[in-house]
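Predicted model only: the values in this text are computed from it and were never measured. Order of listing sets the numbers, starting from 1, for every ligand and every atom in it.
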Amino acid sequence: MKLSVIGAGYVGLTTAACLAQVGHDVFCSESDVEKLSKLRNGVMPLFEPHLENVIEAVRKSGQLHFGSTEEAIAWGDAIFICVGTPPLPNGDADLSSIEGVARAIAKRATGYRLVIEKSTVPVQTGAQLSKHLSVHGTNGLKYDVASNPEFLREGTSVEDFLHPDRIVVGADSTRAADLLREIYEPIVKQRFTCPIHSNSQKRKDPVFLATDTNSAELIKHASNSFLAMKISFINMVANLCEAVGADITQVAHGMGLDPRIGPAFLNPGIGFGGFCFPKDVQAFIRIAEKSGCDFSLLKEVDRINQGRIERFVEQVRTELWVLRGKKIAVWGLAFKPNTDDVRFAPALSIIRRLQAEGAHIQAYDPQAMEKACKEISDITYCSDAYKAAHGVDAVLLLTEWEEFRNVDWSRLAALVERPLIIDGRNTLSREEVVANGFHYIGVGGVSATPKVTASFIGT
Ligand code: UDX
């Protein structure tokens with residue numbers, strides 16, 4: 001089928017590439033001219049495992065094209081709107097880009113279009129969209145509006161799109177629901193050449209959930225807010241573990257063995273970040289407020305999450321006493337591993353707090369330094385974890401990149417001023433770190449001190 005995708009961010013680019021991968025003829029547009037020219041020249045505007053290879057392959061096979069919004073509107077029978085809905089100062093989602101696309105479709109499209117909102121939008125946006133198309137529609141446009149929220153995670157977006165747990169479709173017409181069923185059939189039946197796994201590996205068929213538009217829109221905000229709540233819950237339990245001398249790793253494990261709870265999203269740490277959870281929790285609080293519901297539970301989820309930053313900084317302060325003039329290594333800047341995204345990254349908030357107290361930061365991240373240095377300038381960006389640790393009073397692990405688990409501890413011990421690791425993601429093996437003479441502080445009671453301290457620079 002000829003499909004259009006408007007907006008080439010994480011969701012748009014993955015959607016366009018993967019729909020082409022499963023056999024559709026896709027046209028993807030991007031209004032940011034610099035980004036569009038990069039895409040047209042085969043340069044990736046973001047780091048996402050597998051995505052570059054998929055795009056290259058489907059472009060070569062002529063199933064994916066990049067161009068302007070106008071071209072995209074003219075191209076596909078169905079148009080996926082994947083533009084950004086960033087937070088406004090009051091927490092509402094900014095829908096101006098969605099409105100802009102709706103107006104362009106209303107003005108330019110002829111014949112029939114299925115207009116699909118894939119960006120994260122507040123409930124009842126579909127109704128607004130439909131009204132806008134009818135008010136501004138010229139050229140006798142016939143259309144349906146549908147909601148098709150996306151649940152992909154950064155760092156695993158291609159895998160999540162091609163092997164989802166569920167595909168949610170909100171449509172108020174049978175025609176729209178049938179069209180979306182047809183579009184997603186290859187994925188529902190897992191009948192496509194997978195760019196990640198050999199086809200012999202049978203993957204679970206996703207559930208295709210067709211419901212009404214409002215419910216589909218709410219499923220997205222509710223799902224993200226629930227996951228954020230789970231993280232804030234385990235972070236509070238981690239605080240309790242520290243207070244009573246229990247081990248959060250054991251507690252989370254014990255909880256997660258109950259299938260009603262499940263082990264996922266029970267990793268304590270410095271809090272959730274990224275371009276989804278923080279803004280979606282805020283937007284959901286606002287949506288509820290406007291509907292007369294005081295979602296105080298989510299306000300607490302947000303307050304707990306904000307509190308992770310200060311709690312972590314206080315831990316550093318407790319260990320280093322005066323922060324002014326201290327040299328601190330930061331391992332990890334991205335809001336999570338396998339992405340170069342630093343939007344609302346807890347690591348950046350922690351760095352700003354430490355800098356405000358006069359600490360000198362030496363940072364390393366495998367992918368996110370280019371984007372981080374646009375956010376924070378006066379820190380030393382280092383080409384590897386060892387350079388970042390040179391002469392420091394403490395090493396802070398803020399993003400759980402795999403490579404930090406494979407550090408050469410004796411090499412590191414020879415570099416640091418003080419063998420102190422504060423692990424904000426409980427990533428490292430406490431036993432291994434301590435066995436190499438480091439003092440290890442984790443989250444939620446996972447701390448230990450070496451029996452014999454490591455040899456230091458010049459001693
Ligand atoms: C999220 C949702 O998972 C995804 O379904 C939705 O489509 C978009 O938003 P993403 O923002 O990519 O995806 O990241 P995710 O993997 O969910 O992590 C979000 C944040 O929570 C990260 O900062 C991560 O470090 C943190 N997190 C996650 C925890 O602190 N503990 C956990 O157990 C899991």
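In this structure, Phe404 has its ring center under 6.0 Å from that of Trp331. A centroid separation of 6.0 Å or more is found between the aromatic rings of Phe344 and Phe335.
At a 4.0 Å heavy-atom cut-off, ligand 1 does not touch Thr339 at all. Only the side chain of Lys220 comes within 4.0 Å of ligand 1, judged by heavy-atom distances. Contacts between Asn224 and ligand 1 below 4.0 angstrom, taking non-hydrogen atoms only, involve the side chain exclusively. When heavy-atom distances to ligand 1 are checked against a 4.0 Å cut-off, Ile231 comes that close only through its side chain, counted from C-beta outward.
Heavy-atom contacts of Glu150 reach the following atoms of ligand 1: 7 (O) (cutoff under 4.0 Å). Close approach of ligand 1 to Glu154 (heavy-atom distance below 4.0 Å) involves ligand atoms 12 (O). Near Cys276, meaning under 4.0 Å from one of its heavy atoms, ligand 1 places the atoms 8 (C), 9 (O), 11 (O).
Distance from atom 33 (O) of ligand 1 to its nearest protein heavy atom, with residue and atom name: Asn267 N, 2.9 Å. The nearest protein atom to atom 3 (O) of ligand 1, hydrogens excluded, is given as Arg153 CG, 3.2 Å; this is a heavy-atom distance. The protein non-hydrogen atom at the shortest distance from atom 7 (O) of ligand 1 is Leu152 O, 2.7 Å.
The aromatic rings of Phe272 and Phe277 lie perpendicular to each other, with more than 60° between the two planes, well past the 30° mark. Ring-plane geometry between Phe438 and Trp409 is classed as perpendicular, the angle between the planes exceeding 60 degrees on a 0 to 90 degree scale with a lower cut at 30.
Counting heavy atoms only, Phe335 comes closest to atom 11 (O) of ligand 1 of the residues Phe335, Phe275, Phe344. Between atom 2 (C) of ligand 1 and the options Phe277, Phe272, Phe265, Phe151, the minimum heavy-atom separation is to Phe277.
Judged as a side chain to side chain donor-acceptor pair (under 3.5 Å), and not counting sequence neighbours, Tyr381 has no contacts.
In terms of polar-atom proximity, Gly274 is not counted as a contact of ligand 1, lacking any N or O under 3.5 Å from an N or O of the ligand. The shortest N/O to N/O separation between Lys336 and ligand 1 falls below 3.5 Å.
Nearest approach of Lys279 to Pro86, heavy atoms of both residues: CD-CA, 4.4 Å. Counting all heavy atoms, side chain and backbone alike, Arg405 lies closest to Leu428 at CA-CD2, 4.1 Å. Pairing each heavy atom of Leu64 with each of Ala20, the nearest pair is CB-CB, 4.3 Å.
Ligand 1 lies within reach of Arg425, whose nearest heavy atom is under 4.0 Å from it. Distances from ligand 1 to the non-hydrogen atoms of Gly273 include at least one value under 4.0 Å.
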List, one per line, each side-chain donor-acceptor pair under 3.5 Å for residues 234-243, sequence neighbours excluded.
unit_1	atom_1	unit_2	atom_2	d
Asn235	OD1	Gly269	N	2.8
Asn235	ND2	Ile231	O	3.3
Asn239	OD1	Arg308	NH1	2.8
Asn239	OD1	Arg311	NE	2.9
Glu242	OE1	Arg311	NH2	2.7
Glu242	OE2	Gly444	N	2.7

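With rounding to the nearest 0.5 Å, the separation of OG1 in Thr427 from CD in Glu400 is 5.0 Å.
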